[in-house]
Amino acid sequence: MRKFIYKAFILISVSLVGITLMDIYANQILSDKISYKIDPAKKILILGHSHLQCGLNDSLIANSISLAQSSDAYFYIYYKFKKIIESNQGINTLILGYSNNVFAQYMDDWVYKGTYMGYKYPKYSQVIPIDDKMKLFLKNPATFIKASVDAIKTKNKLLFSRHDKIYDRLNWGGYQFMRQSEVATAIKKEGKGIIDSAGTFGNNVSEQNINYLRKIIAVAKEHKLNIILLRSPLHQRYKKNHEKNLEKLLLEETFKGVQFWDYADYLMKDEEFIDLSHLNYKGARKFSLMINELLHKQAEK
């Protein structure tokens, strides 16, 4: 048994070293070939998870580009944001999704759980530093090794393809047109809405997710961006957990000067929602046009 364990350990160690070396080599080759440049006319960057991916149509917001993506934890958003902002000095505004579930404990799953890591890591591996890669490995070794192999395959494909709009080729996000409206079904499933304001830091929250939010804000401030935390419309039956946490976090020094545009209670029709927390294309159109007007007025001041 000891021999078997020893051999298995050696095999895993050699495999990890090999994967790491291939990953480093691929990153070095791609660093000179890949461009993360976006259209210079795009001054407004939209990031977040599915609430903004479905809720903000960047084609209706002047000079904006959305790289919001479903199930994007702030961990992945942070490295995506750093790469984009370093490569595009013309961006002057960050619109970042801020919602009740950013405090949820399951945000850690969005980083480490197999379903999520296996999907997200190959997209972002080349912009994640080795220390955070090690965290991913230690949390979920089997998934990380498989995701690393997939990431290397993805990078090899990029070597032999055109490199314009690399964020598109890596599927870093963008507005998602959603037609369906299933509010009635969602209400029946959820029952009567409950507003739970009892949550506090350290009580079943993802401290990691919030720490990476702080990092995103710090980088945005370094680049002197206009920072807008945006909570998109929620159905009146949506259960608003962690309301106190949302308010408390914004009082920290890190968030001084950051705007919070809170449209959780913005009046929308049932037919403009997909479910209780996501807008469909009808809702996205209404909401996006309103946000566009607000941005235009702010720019005129």
If you compare all heavy atoms of G118 against all heavy atoms of A147, which two are closest, and at what distance to 0.1 Å?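 Looking at all heavy atoms of both residues, the shortest contact is CA-CB, 4.2 Å.
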Which atom of A186 lies closest to which atom of L276, heavy atoms considered: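 Nearest pair, atom of A186 first, then L276: CB-CG, 3.8 Å.
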Polar contact flag, side-chain donor to acceptor under 3.5 angstrom, [X]-[Y]:
X	Y	answer
Y212	D132	yes
D58	S64	no
Q126	K83	no

Please say yes or no: joined through hydrophobic side-chain contacts below 4.5 Å, possibly via intermediate residues, are [X] and [Y] part of one cluster?
X	Y	value
L294	L289	no
I210	L229	yes
Y119	V111	no
Y112	F137	yes
F287	I274	no

In terms of the angle between their ring planes, are Y238 and H51 parallel, tilted or perpendicular, with boundaries placed at 30° and 60°?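 The arrangement is perpendicular - the two ring planes meet at more than 60°.
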W172 vs Y124 aromatic rings, parallel, tilted or perpendicular, using cut-offs 30° and 60°?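 Plane angle between 30° and 60°, so tilted.
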State the [atom1]-[atom2] distance between [X] and [Y], to the nearest 0.5 angstrom.
X	Y	atom1	atom2	value
K139	D109	NZ	CG	10.0 Å
D168	I38	CG	CD1	11.0 Å
H242	N101	NE2	CG	9.0 Å

Salt bridge flag under 4.0 Å for residues K80 and D72: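 Yes.
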Inspect the contact between K146 and D150 and indicate whether a charged nitrogen and a carboxylate oxygen are less than 4.0 angstrom apart.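 Between K146 and D150 there is a salt bridge, with a charged N closer than 4.0 Å to a carboxylate O.
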Taking C-beta and beyond as the side chain, do [X] and [Y] meet within less than 4.5 Å on heavy atoms?
X	Y	answer
L250	L246	no
I95	I61	no
H49	S99	yes
I65	L45	yes
L230	L56	yes
F255	R214	yes
Y263	M290	yes
L67	F81	no

Determine whether a donor-acceptor pair (N or O, by modelled atom type, separation under 3.5 Å) exists between the side chain of [X] and the backbone of [Y].
X	Y	value
N88	G90	no
E272	N280	no
H235	R237	yes
Q53	Q176	no
K133	S125	yes
N57	R285	no
N209	Y74	yes
K244	N241	no
K221	T254	yes
S87	K37	no

Could you check whether K82 makes a cation-pi contact with Y79, meaning its NZ or CZ is under 6.0 Å from the centre of the six-membered ring and within 45° of the ring axis?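 No.
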Using links of under 4.5 Å between side-chain heavy atoms of ILVMFWY residues, direct or through other members, which residues join Y281 in one cluster?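 Its cluster partners, ordered by chain and number, are Y175, F177.
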Linking Ile, Leu, Val, Met, Phe, Trp and Tyr through side-chain heavy atoms less than 4.5 Å apart, which residues share a cluster with W110?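 Other cluster members: Y106, M107, Y116.
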Step by step, would you call H278 with M178 a side chain to side chain contact (heavy atoms under 4.5 Å, CB included)? CA-CA 9 Å; H278 298 85; M178 299 295 287; over 6 Å; no
Within the supplied structure, the quantity of interest is the number of heavy atoms (other residues, nucleotides, ligands) at a distance under 6.0 Å from K42 NZ; does it exceed 12?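 Counting neighbours around NZ of K42, more than 12 heavy atoms of other residues, nucleotides or ligands fall under 6.0 Å, so yes.
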How about CG on L138, more than 12 heavy atoms from neighbouring residues, nucleotides or ligands closer than 6.0 Å, or not?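 Counting other residues, nucleotides and ligands, CG of L138 exceeds 12 neighbours.
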Q298: which residues meet the side chain to side chain contact (heavy atoms under 4.5 Å, CB included) condition with it, sequence neighbours left out?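 So Q298 forms a side chain to side chain contact (heavy atoms under 4.5 Å, CB included) with N226, I228, Q259, W261.
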So, using side chain to side chain contact (heavy atoms under 4.5 Å, CB included) as the criterion, who are the partners of H296 when residues are at least two apart?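 Expected list: E300.
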Show every salt bridge (Lys or Arg N to Asp or Glu O under 4.0 Å) that has at least one partner inside residues 258-271, sequence neighbours left out.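 Of all non-adjacent pairs touching residues 258-271, those that pass salt bridge (Lys or Arg N to Asp or Glu O under 4.0 Å) are R231-D262, K240-D265.
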In chain order, what residues pass the ring-ring contact (aromatic ring centres under 6.0 Å, His included) check against Y98, with sequence neighbours excluded?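 Partners of Y98 by the ring-ring contact (aromatic ring centres under 6.0 Å, His included) criterion, ordered by chain and then number, come out as F260.
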